[in-house]
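First the proteins, then the strands, lettered A, B, ... as listed; each starts at 1.
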Amino acid sequence: MEETYNFSLIEKKWQKRWEEENAYKVVENEDKPKYYCLEMFPYPSGNLHMGHVRNYSIGDVVARFKTMQGYNVLHPMGWDAFGLPAENAAIKHGVAPSKWTWDNIANMRRQLKSMGISYDWDREVASCHPHYYKWTQWLFLQFYHKGLAYKKKATVNWCPSCQTVLANEQVVDGCCERCDTVVEKRALEQWFFKITDYADRLLEDLDKLSGWPDKVKIMQENWIGRSEGARIKFTVQETGDILEVFTTRHDTVFGVTYMVLAPEHPLVEKLTKGTEYEEKVQEFVKKVQKLSEVDRTSTELEKEGLFIGAHAVNPLNGEAVPILIGNYVLMDYGTGAVMGVPAHDERDFKFAKKYGLKIRVVIQPEGKNLNVEEMDDAYTEDGIMVNSGEFSGLPNREGMEKIADWLEKNNKGQKQINYRLRDWLISRQRYWGAPIPIIYCDHCGVVPVPEKDLPVILPEEVEFKPTGESPLKYSPEFVNTTCPQCGKPAKRETDTMDTFVCSSWYFLRYCDPQNGEKPFNKDKVDYWMAVDQYIGGVEHAILHLMYARFFTKVLKDLNLVSVDEPFTNLLTQGMVLKDGSKMSKSKGNVVSPEEIINKYGADTARMFILFAAPPERDLEWNDQAVEGCYRFLNRVWRIVGAYSDQIKNIQGTIGKPDGADRELYRLTHQTIKKVTEDITERFNFNTAISTIMELVNGLYHYKDKVQEQNLPVVKEAIENLILLLAPFAPHITEELWQSIGKDSSVHKEKWPQYIQEALAVDEVTVVIQVNGKVRDKISVPVDMDKEQVEELAKSQPKVEEYIKDKEIKKVVVIPNKLVNIVVG
RNA sequence: GCCGAAGUGGCGGAAUUGGCAGACGCAGUGGACUCAAAAUCCACCGCCCUCAAAAGCGUAUCGGUUCGAGUCCGAUCUUCGGCACCA
């Protein structure tokens, strides 16, 4: 064994061997329990960053640990390879997106391999490969045939910088989540997936996800935004038009004193055309539409309204109330119209006060009497209904039901559940994505590409224009085709799919990555799915994780998979920070993983990133602490080296060690117990590593202080040290394992089990408190009699000082832990 | 505004079920080794007072429950994350 730890040599040696032996290849095996460990696949930007290192280090510990525990572990890696940066590179540097992407993949694959992660590389997928996107397109067609993919003209979010539309989920604070440009609204014909059909299931099944952080579930719940209420039909007095509103407070319909429409509401134009109000209303509408989406939806925006000269008739009491338009009413939620109940809604109250609209109390708090003149605020709580015709006197919750029944019976409305969730806009006016497999024929209309013609290949010979427009539009070879139904000339859809479509099913493809006949074989997917542990950044809490759940549910309904939730357990890792903020080029605080690996080795990099903080928490990068981890591995190297020759060939059993031998023996088994628990129960790798450090410290002390060393005990300690460290630092442990005379890979060994008997202690330290303050400590035989401990405690000189001349009121004895003497 | 998470030494963090606050590591201090330095090994390392010890104080702030609170309850402050005119 070399005297110094040459990480570079060791890491290369073992990476080469693992590759040659295909050490991490897995196949379905019914004899073992399966375990699917998955980390979110990266976008191939060209270089690994620290966030990746953290993500994949965590995943590798889990995968290696589960493997050692006897599971058949699927641990794959691939590339989320479509996306805008490839096109920008093409425009900027004239390099084809495919070349740019594949070069990046090659580099990042090399970097990943230098980290020594236990991937089954035979299962690698890249979403930009025709063998992959063929099936993305195939899945689109299944959605289409099921009525879950449809095209409609809609007001959509348009990013002028990316020259494409964005899903609602991709708009953050009114800006493009990718480039921060203010998003505009445009009316365009676009493809959507009908995720709203699954809103209820996506919401309800969150309850099944006990292995997910509550934070993520709550975020999804809020995003789906289910609200129960009713749809109510009002009638326009002047024209007889039906005006529908959605409300969650249909118990307050008798309190409606006005109506407010969104400026874009179709009735606005109809009701004002040719009237004296037309001009003013148009002015108002224009003014509102000029606002950016950010300003429009800002809560800061002063609420403004304008009477449009028409009235709405309340179906319950026949009363006609004025109709206004308001800048705060959104066309795309509910019906684009709201009823104004100022007495019982905070916002309506302020609005009514501003415009001098009538306020009528229809809910009274029990035992009180609200008076409109004295109200400073709306009353939004429950109470008893008043001024509500036949419903007066009912508790409002009960009245709500009765009113819903009445509406339904009289055909004036019905109960309705509304969602904040919108359908998923998947069209992108971009080149580097999976083409939407649709053909437009003048005779046959919208025609899906027949499955036998898949994939619709992205043409490589295209020209990129600096305008950022999709080159597909200007590629006649791509656009012009023949109609699969009638054979006449037709044109292809030039929009490509949102990359989130590609990443919504990659975890299924990993189960059967080479399949040329189908997206995947159902038996294989049934064997591996669901993912037992999914690991990735919390930034995907809504987007990717909800889309993947949606896909899984649709595929289950298509009988392509058997699970209805894809990810059983989810770990959301924190960010890697430097100097308190996220590493970014603009801040100049980026630490390159490659440099760290070159300088200290992959094992050190992995150790640091796992040791510095628990996985969910943000992690502060610290160069000096990295050195500390490097020192630790060197320490391990030396202590194993000090014993490797002696323990290599010794036989003999441990028997019943005593004294310092016994301490080391106990420490070994304590370490096994704690490390196992820290990994299994909590994923607290930081404390697992610190426990291993303590074992190393213990070995050093033993080596220094014990004259006649018990080699079987040392051997056991050293072997377990290497085994426990193996998932964290896979290269050095492999080398050390070999150095103590083992022939096979440490990663093929069984995870150690602690011996209960080894943990036993003869004596324990008992803390003595007087009035809750620690005054002394004594060492007593384990499980000593309560009364005996109490007497012993009271007789300690230090304790006597505090209890003499005082009345002992109470003594609390916690066996093997503490005595608390309460004196007065 | 609403929802959620967090707040512990100079720093990263630990304390898993209410029972010794500060494990482990970084930084720092001292010692051994060395001609010397690096590396390594050993020891110390919350604050305050002190030559030292003892005492006192101490887990964002204030209050409560308890023999006992970093941990439970109530209020407040700060930071971070998500949602935000959702009818």
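B:A60 sits 36 Å from B:U40 when the P atoms are compared, rounded to a whole Å. Look at the C1' atom in both B:G70 and B:G18: the space between them is 11 Å, to the nearest Å. When the C1' atom is compared between B:A84 and B:G68, the two are found 44 Å apart, to the nearest whole Å. A distance of about 15 Å separates the P atoms of B:C73 and B:G19, rounded to the whole Å. B:A37 and B:C44 are spaced 24 Å apart, taking the C1' atom of each and rounding to whole Å.
Here A:Val822 lies in heavy-atom contact (under 4.0 Å) with sugar-phosphate atoms only. Note on A:Asp704: only backbone sugar-phosphate atoms sit closer than 4.0 angstrom, heavy atoms only; bases stay farther off. Residue A:Asp618 is classed as a sugar-phosphate contact, given heavy-atom separations below 4.0 Å to backbone atoms only. Residue contacts shown for A:Gln769 include a base, since a base heavy atom lies under 4.0 Å away. No contact: A:Gly225 has no heavy atom under 4.0 Å from any strand. If you check every strand for non-hydrogen atoms under 4.0 Å, A:His344 touches nothing. Among the atoms of the strands shown, base atoms are found under 4.0 Å from some heavy atom of A:Val329. Using a 4.0 Å heavy-atom cutoff across all strands shown, A:Asn634 reaches no nucleic acid atom at all. Nucleic acid contact class of A:Arg775 (heavy atoms, under 4.0 Å, all strands): sugar-phosphate only. Across all strands shown, A:Lys674 has heavy atoms under 4.0 Å from base atoms, whether or not it also approaches the sugar-phosphate. At a threshold of 4.0 angstrom between heavy atoms, the contacts of A:Ile814 include nucleobase atoms, whether or not backbone atoms are also involved. Backbone-only engagement by A:Tyr700 is indicated by non-hydrogen atom pairs under 4.0 Å involving sugar-phosphate atoms exclusively. Nucleic acid contact class of A:Tyr802 (heavy atoms, under 4.0 Å, all strands): sugar-phosphate only. In this structure, A:Lys809 reaches neither bases nor backbone, as no heavy-atom distance under 4.0 Å exists between it and the strands shown.
Nucleotides of RNA chain B nearest to A:Arg638 and A:Pro614 differ in position, and the one nearer the 5' end is that of A:Pro614. Two residues, A:Trp223 and A:Glu620, neighbour RNA chain B, and the one matched to the more 5' nucleotide by heavy-atom proximity is A:Glu620.
For A:His265, there are no ring-ring contact (aromatic ring centres under 6.0 Å, His included) partners two or more places apart in sequence or in a different chain. Residues that satisfy the ring-ring contact (aromatic ring centres under 6.0 Å, His included) test with A:Phe234, not counting sequence neighbours, are absent from this structure. Contacts of A:Phe500 classified as ring-ring contact (aromatic ring centres under 6.0 Å, His included), with partners at least two apart in sequence or in another chain: A:Tyr547.
A donor-acceptor contact closer than 3.5 angstrom links the side chains of A:Asn396 and A:Asp382. Side-chain contact, A:Glu763 with A:Ser779: a donor N or O sits under 3.5 Å from an acceptor N or O. Between the side chains of A:Gln709 and A:Tyr643, at least one donor N or O sits under 3.5 Å from an acceptor N or O. Under the 3.5 Å distance criterion, with hydrogens and angles disregarded, no donor-acceptor pair is assigned to the side chains of A:Ser8 and A:Tyr600. At a cut-off of 3.5 Å, with distance as the only test, no side-chain donor of A:Arg775 or A:Gln796 sits close to an acceptor on the other residue.
A centroid separation of less than 6.0 Å is found between the aromatic rings of A:Phe351 and A:Tyr258.
Between A:Met40 and A:Gly537 the shortest heavy-atom distance is SD-N, 3.9 Å. Contact detail for A:Glu381 and A:Ile363: the closest heavy-atom pair is O-CG2, 4.1 Å.
Using a 4.0 Å cutoff on non-hydrogen atoms, the parts of residues 685-695 of chain A near RNA chain B are A:Asn686, A:Thr687, A:Ser690, A:Met693, A:Glu694, ordered by number.
Distance check: A:Met575 CE to A:Lys582 NZ gives 6.0 Å after rounding to the nearest 0.5 Å.
Contact check for A:Phe284 versus A:Val288: side-chain heavy atoms found under the 4.5 Å cut-off.
Applying the 90° cutoff around 0 to the glycosidic angle, B:G9 is assigned syn.
In 5' to 3' order, the nucleotides of RNA chain B bounding all contacts with chain A (an atom under 4.0 Å from a heavy atom) are B:C3 to B:A87.
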Watson-Crick and G-U pairing of RNA chain B, under 3.5 Å, as dot-bracket with | and [ ]: (((((((..(((......[....))).(((((.......))))).((........))..(((((..]....))))))))))))....
